[in-house]
Amino acid sequence: MISPSEFALAKLYDLEGLVALVTGGGTGIGLMIAQGLAANGARVYITGRRVDVLQGVADEWGKKKESRMGKIIGAGQGGPLSPELNKPSPTSPKNAEELGKYLFAQESFEQWSNLYAINTFSVYFVTVGFLALLEKGSKDIPGFTSSVINITSISGLIKVAQRHVGSFPPRYLRMQLIPALMAFISELQFCYNSSKAAASHLTKMLATEFALKQIPVRVNAIAPGVYESELTYDVIEGQVATDAVGMPVISVPAKRPGTAAEMAGTAVYLASPAAGYMNGQEIVIDGGYGSVTMAPTVFDCIVVGSGHAGASAALAAAEAGCTDVLVVEKASEEWAGGNGYFTAGAMRAVHGGLQDLLPIIRNVIPEQAEKIDVEQYTTDNFIGDIMRLGNNKPDAVLVETMVRHSRDAIEWLSRKVGVPFILSFHRQAYEINGRQKFWGGIALCVEDGGKGLIKAELEALRKSGVQIWFDAPALRLLSEDGAVVGVVVRRNGHELSLTAQSVILAAGGFEADAELRRKHLGDGWERARVRGTPFNTGDGIKMAQAVGAKLVGDWSGCHSTCWDANALEDRGDRNLSNQFTKSGYPLGIMVNINGERFVDEGQDFRNYTYAKFGRAILSQPEGVAFQVWDTEMIPLLRKEEYGDGIVEKIAGFTVEELADGMMERGLRNKDGFLSTVKEYNSAVYLHRLENPSLRCNPGIKDNLSTQSSSASLSIPKSNWAVPIVKGPFLAVKVACGITFTFGGVAIDPDTAAVLSDSEDRPISGLFCAGEMVGNLYYNNYPGGSGLTAGTVFGRKAGVAAARKVGKLVHSR
């Protein structure tokens with residue numbers, strides 16, 4: 001048995017008595033290695049182009065050196081110094097002709113020769129130049145052989161020409177010392193990578209030839225990934241900065257650059273007796289960079305969009321048998337979830353009442369259930385709501401398919417995905433006579449709204465092994481013989497052609513593009529505030545249209561609602577998200593800046609009017625309005641929408657004081673507003689005189705109105721008409737918030753396959769779900785049905801994708 005002392009670290013990695021030469025040892029990776037070797041007993045000579053730097057390192061090391069540590073000695077200047085290092089980086093070409101001219105004209109044989117001299121020629125000449133000394137060193141210790149350790153790079157192992165330092169975001173990284181060299185290498189990206197590949201191959205060639213000729217010198221290499229150095233930056237912090245340097249296809253799994261200890265440790269190993277049996281090898285230390293960057297580009301299914309519909313599609317595809325599912329997302333990870341993140345998480349579905357829903361909700365105990373009223377919501381109710389609000393224009397088969405699968409969809413989300421459903425007491429119920437009364441056809445929502453929904457779905461995607469590429473916009477679909485066979489995406493500046501038997505588009509509508517809104521919805525819509533993601537700019541629709549997809553639906557219609565006038569214009573707020581919604585108008589009145597009412601605030605439950613009242617607000621002068629209540633109704637307003645710190649409140653103890661505050665925030669006509677309130681109150685009282693038995697009940701359509709035989713307003717309030725007479729009074733300023741657009745792509749209701757415009761038949765390999773689907777809504781929208789549709793057709797698309805790949809395991 002071998003003595004245990006032979007396995008001790010001091011024995012395995014003992015470098016005392018060894019002499020090492022480290023070229024480029026004054027900075028960066030070379031310095032890391034020099035320090036590692038010296039710290040373990042070697043006598044280290046360092047060379048480089050700047051003698052002052054070398055001497056500074058040697059002097060500093062001498063101050064720190066402990067008794068067992070070796071020396072670092074500045075050996076002097078060496079290596080070619082190219083005048084081209086001062087050349088600035090040119091503008092990147094944008095087409096084939098420009099690219100060809102640029103690559104040919106902007107580079108030269110001399111430039112390539114200079115960089116190869118640094119990265120490749122030097123490997124050869126330094127090795128053979130010191131070969132005799134290396135051989136002699138092998139005779140000093142029995143059984144030990146001298147070695148050459150070449151520093152190559154992962155850039156020599158991958159197939160893309162990385163745009164090196166020149167395109168790094170400067171806000172993440174701090175440059176140091178030699179910007180001219182970095183500009184040079186940025187320009188010579190083909191040259192740099194190929195020179196490193198040559199160094200890698202040369203390492204193996206030298207090792208082989210020495211071994212064949214029985215020369216006792218080992219030759220190995222280290223291929224670093226992202227490290228702090230003069231060729232990158234002196235400080236690289238975190239995943240974003242690491243990816244900016246390495247530009248991988250997928251984020252570097254380690255989420256950080258390599259450390260000096262990791263580099264030095266690898267070099268110490270190769271130089272030590274522990275690596276005496278290693279020869280002709282290249283050790284890659286890249287934090288997993290190569291594993292993901294050289295990953296396959298062939299998938300069973302690719303989903304475009306990480307929102308609710310896209311997540312449903314990807315999860316259904318994985319559940320149905322697809323083993324390689326990829327989601328590509330235009331946005332960064334902090335914007336994951338698309339519009340789904342910004343919803344209240346309400347989901348409209350067919351159900352048989354409270355007892356049917358209790359098994360999938362988590363916020364009701366048996367004692368509470370006895371005091372809750374949830375009426376059943378039937379298939380006919382659901383279909384009737386969509387068709388009624390859409391003036392019977394929606395595709396009847398598409399609507400029926402969505403409705404009939406709605407109950408199974410929420411069951412699947414709960415059981416399979418882990419979505420935390422609750423009863424929506426905070427948004428869909430009022431306490432009436434000690435009982436919680438649900439209204440408007442909706443009782444379910446997700447705990448923590450859209451945030452909770454997307455969190456659950458992202459976790460489910462992770463557990464299912466579905467890959468997600470953020471910051472990877474889909475550019476165009478790949479097609480062959482009329483079938484879609486993949487998608488081109490941009491990843492870290494590279495266009496990648498990804499192949500898949502099925503592509504599912506779930507990239508949303510065009511609501512975040514002001515020009516497309518103006519074009520399709522009409523003039524003035526460029527002023528609408530975007531409620532959700534700023535990344536829904538019609539990309540998916542354009543890609544589908546480019547391969548012959550049929551476009552259908554209400555292209556002049558959209559889901560738009562009453563939105564906080566102080567909200568951002570071009571995107572939602574990831575913190576407050578849906579809290580900018582202002583849906584309390586049925587309890588009061590809405591007036592424009594001239595003080596005039598313009599909608600029937602009590603026409604129906606809020607669920608059936610909010611998606612069209614945004615349009616009504618936008619059509620008013622300046623596209624804004626005021627919601628107004630008296631003290632009797634203020635306690636019924638939802639705190640998540642109207643609470644302190646959520647919305648700017650305009651208050652007054654009298655209507656006149658309230659009007660003064662509104663004038664400061666944009667009301668033009670105080671007298672007009674006071675007259676409107678007076679006329680409204682009079683109509684309310686006259687109606688009550690004729691209907692003394694009616695009482696205000698926000699849980700039902702209570703028929704409290706402004707219309708009577710004595711007086712009728714030109715714009716009625718049909719329900720919940722209560723007088724505005726008792727102070728203090730409250731008003732908030734609102735605008736139009738657009739959620740999603742109704743026009744979209746035609747799909748087969750059974751499979752969610754995209755239909756061809758020319759033949760009205762499915763386009764092989766292409767499916768669609770979510771807000772991209774057309775013909776489902778016209779003019780208006782029953783609240784909570786969008787998320788449901790996303791799940792229903794997302795699941796159908798995922799199952800159909802698995803069937804096309806031939807991996808379908810079940811079709812639930």
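Both backbone and side-chain heavy atoms feed into the values below; hydrogens, waters and symmetry mates do not.
- A side-chain donor-acceptor contact under 3.5 Å links Thr533 to the backbone of Phe535.
- Within the cation-pi definition used here (under 6.0 Å to the ring centroid, within 45° of the axis), Arg218 does not qualify as a partner of Phe210.
- Applying the salt bridge (charged side-chain N to carboxylate O under 4.0 Å, His left out) criterion to Glu262, with sequence neighbours excluded, gives Arg256.
- Side-chain N or O atoms of Lys330 include none that pairs as donor or acceptor with a backbone N or O of Ala507 at under 3.5 Å.
- For the residue pair Thr152/Asn150, the side-chain donor-acceptor check at 3.5 Å is not satisfied.
- Sequence neighbours left out, the pairs with a member in residues 273-283 that pass salt bridge (Lys or Arg N to Asp or Glu O under 4.0 Å) are Lys204-Glu282.
- Sorted by first then second residue, the salt bridge (Lys or Arg N to Asp or Glu O under 4.0 Å) pairs that include residues 205-217, not counting sequence neighbours, are Glu209-Lys213.
- Glu329 places a side-chain N or O within donor-acceptor distance of the main-chain N or O of Ser306, the cut-off being under 3.5 Å.
- At distances below 3.5 Å, at least one donor-acceptor pair connects side-chain atoms of Ser272 with backbone N or O atoms of Tyr269.
- Atom NZ of Lys451 is surrounded by more than 12 heavy atoms from other residues, nucleotides or ligands within 6.0 Å.
- Looking only at distances, a side-chain donor or acceptor of Ser138 sits under 3.5 Å from a matching main-chain atom of Ser146.
- Side-chain polar atoms of Tyr116 and Ser194 form a donor-acceptor pair below 3.5 angstrom.
- Under a 3.5 Å cut-off, the side chain of Tyr341 and the backbone N or O of Arg574 do form a donor-acceptor pair.
- Under the 30°/60° scheme for interplanar angles, the aromatic rings of Phe299 and Trp469 are found to stand perpendicular.
- Not one N or O on the side chain of Ser200 forms a donor-acceptor pair closer than 3.5 Å with the backbone of Lys196.
- Summarising the local packing, CZ of Phe470 is surrounded by more than 12 heavy atoms from other residues, nucleotides or ligands at distances under 6.0 Å.
- A search for side-chain hydrogen bond (donor to acceptor under 3.5 Å, both in side chains) contacts involving Ser502 returns nothing, not counting sequence neighbours.
- For Asn220, there are no side-chain hydrogen bond (donor to acceptor under 3.5 Å, both in side chains) partners at least two apart in sequence or on another chain.
- Side chain of Ser153 to main chain of Ala223: no donor-acceptor pair is present (N/O by atom type, distance under 3.5 Å, no hydrogens or angles).
- Taking Asp471 as the reference, nothing meets the salt bridge (charged side-chain N to carboxylate O under 4.0 Å, His left out) condition, with sequence neighbours excluded.
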